[in-house]
Student: 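The structure under discussion is supplied below as structure tokens; questions concerning it will follow.
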Amino acid sequence: MEIGERLREARESKGLSLESLQETTKIQKRYLQAIEKNEFQVLPGKFYTRAFIREYASAVGLDPEVVMEEHKGELPTFDEESTVQYSRVQRTKKEVTQKSGPSSGVLPTIITVGLIIGLIFVVWLVWQNMSGAEDGNTATDNGSNNEISVPENSQSETSDEQEEAEGNEDGSESEESASEDEAAQEEEDEPAAEEEAEVDIQMVQEGTGSFPEHTYNVSGMTERSVTIELTGRAYMEVQAPKSGEDLVTAKEYTAEDSPISLDLGDKAELYIKTGNAPGTTVTIGGKEVPYPNPEVSTQKLLLQFN
């Protein structure tokens with residue numbers, strides 16, 4: 001008996017329809033029909049085939065690992081597809097490096113030219129100031145031989161004005177000094193701002209098998225937000241909490257769809273399934289959530305926020 005027929009009989013014995021199974025597994029009905037007919041070429045990718053079959057088997061009460069082992073000869077492998085995907089990523093990185101090479105050589109030249117122009121401008125300003133000072137000194141010397149007669153009343157008035165000006169300056173300086181002292185005192189009285197707590201990600205339980213589920217505790221977050229980035233194609237679904245609201249529709253995504261930003265609000269749990277763990281990066285507060293076994297493509301993350 002082929003694996004598709006075996007899964008279909010198990011579903012029918014449970015009295016489940018394809019529609020109800022689609023609701024349980026979040027796998028589209030046309031993919032479920034293709035699995036029952038062993039038409040694996042209809043599925044989005046080779047490694048998705050293995051992930052979908054495990055979900056199907058688990059939903060109809062079969063042991064996924066036993067089913068996969070007994071029918072391993074019928075199932076496609078994803079080694080070749082993963083190799084192609086990684087080669088594309090590496091080629092893209094190489095092209096970006098080659099494109100950035102010439103521009104990185106031009107930038108130092110532009111900076112050097114700018115510094116030279118700035119230095120010439122500073123020298124010109126200094127020369128202009130020195131020339132102006134020499135002209136002023138010459139004019140002062142020429143006028144020093146002229147006698148100036150000042151009336152007696154004028155001298156007393158000038159003295160009074162100078163005393164008033166000095167008094168105003170002293171008062172202004174005192175007021176400015178007092179204002180600065182008050183501002184400094186207020187700054188000392190204000191409590192220092194508390195440093196934002198650092199995000200801490202700790203693994204609670206590492207999953208096993210070919211479709212492992214890993215549980216993490218996340219603490220130290222003021223705002224619960226998660227970012228998902230892709231470097232290739234990946235079938236993915238995201239729920240908050242597990243088996244709850246679908247934050248990301250279950251389907252295949254590409255690098256063009258990323259980054260995917262999620263604001264959890266007051267939700268305390270986030271559940272992520274991916275069919276391409278090596279090409280899926282999950283970050284929380286700038287920290288990446290690690291996959292214990294990066295060689296396994298199909299993995300699950302259960303993030304619990306404290």
Side-chain angles (χ1 to χ4, degrees), residues 21 23-27 45 47-70 72 75 78-79 82 197-232 234-251 253 258-306:
L21 190 61
E23 182 68 22
T24 301
T25 62
K26 306 300 182 182
I27 300 174
F47 46 83
Y48 299 123
T49 300
R50 305 175 71 88
F52 288 174
I53 290 175
R54 285 191 180 90
E55 288 292 319
Y56 192 126
S58 179
V60 297
L62 298 178
D63 187 332
E65 302 305 324
V66 173
V67 172
M68 298 295 289
E69 179 64 25
E70 292 179 352
K72 60 183 179 180
L75 302 176
F78 52 82
D79 293 340
S82 299
E198 183 179 359
V199 177
D200 185 33
I201 303 174
Q202 296 291 335
M203 174 176 283
V204 177
Q205 182 177 357
E206 180 177 349
T208 59
S210 55
F211 201 177
E213 177 178 315
H214 315 296
T215 304
Y216 290 87
N217 274 347
V218 183
S219 59
M221 293 194 66
T222 56
E223 296 182 0
R224 296 175 180 175
S225 59
V226 177
T227 302
I228 303 175
E229 297 188 34
L230 305 174
T231 58
Y235 182 88
M236 184 173 58
E237 60 180 282
V238 180
Q239 301 170 348
K242 182 179 180 180
S243 302
E245 179 185 356
D246 289 332
L247 299 186
V248 174
T249 304
K251 65 175 185 177
Y253 294 85
S258 71
I260 301 172
S261 299
L262 304 175
D263 185 2
L264 304 184
D266 58 353
K267 294 182 174 61
E269 187 176 81
L270 184 68
Y271 185 59
I272 302 174
K273 286 184 182 180
T274 179
N276 182 11
T280 304
T281 302
V282 179
T283 56
I284 304 174
K287 284 191 173 182
E288 181 178 343
V289 180
Y291 291 99
N293 188 354
E295 296 180 357
V296 178
S297 289
T298 53
Q299 299 192 48
K300 308 171 189 175
L301 298 177
L302 180 61
L303 307 177
Q304 297 174 340
F305 296 87
N306 298 326

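Computed from a prediction, not measured in an experiment: that's the story for all the values here.
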Student: To the nearest 0.5 Å, tell me how far Ile272 CD1 sits from Ile260 CD1.
Tutor: 9.5 Å
Student: Which value, rounded to the nearest 0.5 Å, describes the distance between Ile53 atom CD1 and Ile27 atom CD1?
Tutor: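 If I round to the nearest 0.5 Å, the distance is 9.5 Å.
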Student: Is the shortest side-chain heavy-atom distance between Leu264 and Leu247 below 4.5 Å?
Tutor: yes
Student: Indicate the atoms forming the closest heavy-atom contact of Pro278 with Ser297, along with that distance.
Tutor: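 Minimum heavy-atom separation between Pro278 and Ser297: CD-CA, 3.9 Å.
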Student: Contact between Glu269 and Lys242 at the side-chain level, heavy atoms closer than 4.5 Å - yes or no?
Tutor: yes
Student: Could you tell me whether the side chain of Leu21 reaches within less than 4.5 Å of the side chain of Tyr56, counting heavy atoms only?
Tutor: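 SC-SC contact between Tyr56 and Leu21 confirmed.
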Student: CD/Glu223 to CG/Asp263 distance, rounded to the nearest 0.5 angstrom?
Tutor: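 Result: 7.0 Å between the selected atoms.
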Student: Run the side chain to side chain contact (heavy atoms under 4.5 Å, CB included) test on Ile228 and Tyr253 for me, step by step, so that the C-alpha distance in whole Å, both residues' side-chain angles and the decisive distance to 0.1 Å come before the verdict.
Tutor: CA-CA 11 Å; Ile228 303 175; Tyr253 294 85; over 6 Å; no
Student: Please lay out, stage by stage, how Lys26 and Asp246 fare under the test side chain to side chain contact (heavy atoms under 4.5 Å, CB included).
Tutor: CA-CA 10 Å; Lys26 306 300 182 182; Asp246 289 332; 3.6 Å; yes
Student: Only counting residues at least two apart or in another chain, list the ones meeting salt bridge (charged side-chain N to carboxylate O under 4.0 Å, His left out) with Glu65.
Tutor: Arg54
Student: Any donor and acceptor pair, going by atom type alone, linking the side chain of Tyr48 with main-chain N or O of Ala234 inside 3.5 Å?
Tutor: yes
Student: Looking at residues at least two apart in the chain, or sitting in another chain, which of them share a side-chain hydrogen bond (donor to acceptor under 3.5 Å, both in side chains) with Lys287?
Tutor: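 Per chain and number, Lys287 pairs via side-chain hydrogen bond (donor to acceptor under 3.5 Å, both in side chains) with Glu198.
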Student: Who are the salt bridge (charged side-chain N to carboxylate O under 4.0 Å, His left out) partners of Glu229, not counting sequence neighbours?
Tutor: none
Student: Using the test salt bridge (charged side-chain N to carboxylate O under 4.0 Å, His left out), find all partners of Glu55 that sit at least two apart in sequence or belong to another chain.
Tutor: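 If we apply the salt bridge (charged side-chain N to carboxylate O under 4.0 Å, His left out) test to Glu55, skipping adjacent residues, the hits are Lys273, Lys300.
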Student: Measuring from atom CG of Leu75 to atom CZ of Arg50, what distance do you get when rounded to the nearest 0.5 angstrom?
Tutor: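 It is 5.5 Å, given to the nearest 0.5 Å.
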Student: Please enumerate all residues that pass ring pair (Phe, Tyr, Trp, His ring centres under 6.0 Å) together with Phe52, with sequence neighbours excluded.
Tutor: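 Here the qualifying residues are Tyr31, Tyr235.
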Student: Given Val226, which of Val282, Leu301, Val218 fulfils the side chain to side chain contact (heavy atoms under 4.5 Å, CB included) condition?
Tutor: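 Among Val282, Leu301, Val218, the one meeting side chain to side chain contact (heavy atoms under 4.5 Å, CB included) with Val226 is Val282.
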Student: For the residue pair Pro64 and Ala57, what are the closest heavy atoms and their distance?
Tutor: CA-CB, 4.1 Å
Student: Heavy atoms, side chains only, cut-off 4.5 Å: are Leu270 and Arg224 in contact?
Tutor: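 Contact flag for Leu270/Arg224 side chains = no.
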Student: For Val296 and Ser210, which heavy atoms make the closest approach, and how far apart are they?
Tutor: CG1-O, 3.5 Å
Student: Quick one: pull up CD in Gln205 and CG in Asn217 and give me the separation to the nearest 0.5 Å.
Tutor: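 Here the interatomic distance stands at 11.5 Å.
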Student: Taking all non-hydrogen atoms of both residues into account, name the closest pair between Glu206 and Pro292 and its distance.
Tutor: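 Looks like OE2-CB, 3.3 Å.
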Student: Looking at every heavy atom in both Met221 and Ile284, which two are closest together, and how far apart are they?
Tutor: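 Reported closest heavy-atom pair: SD-CG2, 3.0 Å.
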Student: What's the shortest heavy-atom distance between Gln299 and Tyr291, and which atoms?
Tutor: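 What the structure gives for the nearest pair is OE1-CD2, 3.5 Å.
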Student: Test Ile201 against Leu303 for side chain to side chain contact (heavy atoms under 4.5 Å, CB included), laying out the working first.
Tutor: CA-CA 9 Å; Ile201 303 174; Leu303 307 177; 5.8 Å; no
Student: Between atom CD of Gln304 and atom OG1 of Thr215, what is the distance when rounded to the nearest 0.5 Å?
Tutor: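 Between atom CD of Gln304 and atom OG1 of Thr215 there are 6.0 Å.
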Student: Do Leu230 and Thr274 pass the side chain to side chain contact (heavy atoms under 4.5 Å, CB included) test, and can you show the C-alpha distance, the side-chain angles, and the key distance before you say yes or no?
Tutor: CA-CA 10 Å; Leu230 305 174; Thr274 179; 5.6 Å; no
Student: Report the residues that fulfil salt bridge (charged side-chain N to carboxylate O under 4.0 Å, His left out) with Asp63, sequence neighbours left out, ordered by chain and then residue number.
Tutor: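 Salt bridge (charged side-chain N to carboxylate O under 4.0 Å, His left out) list for Asp63, sorted by chain: empty.
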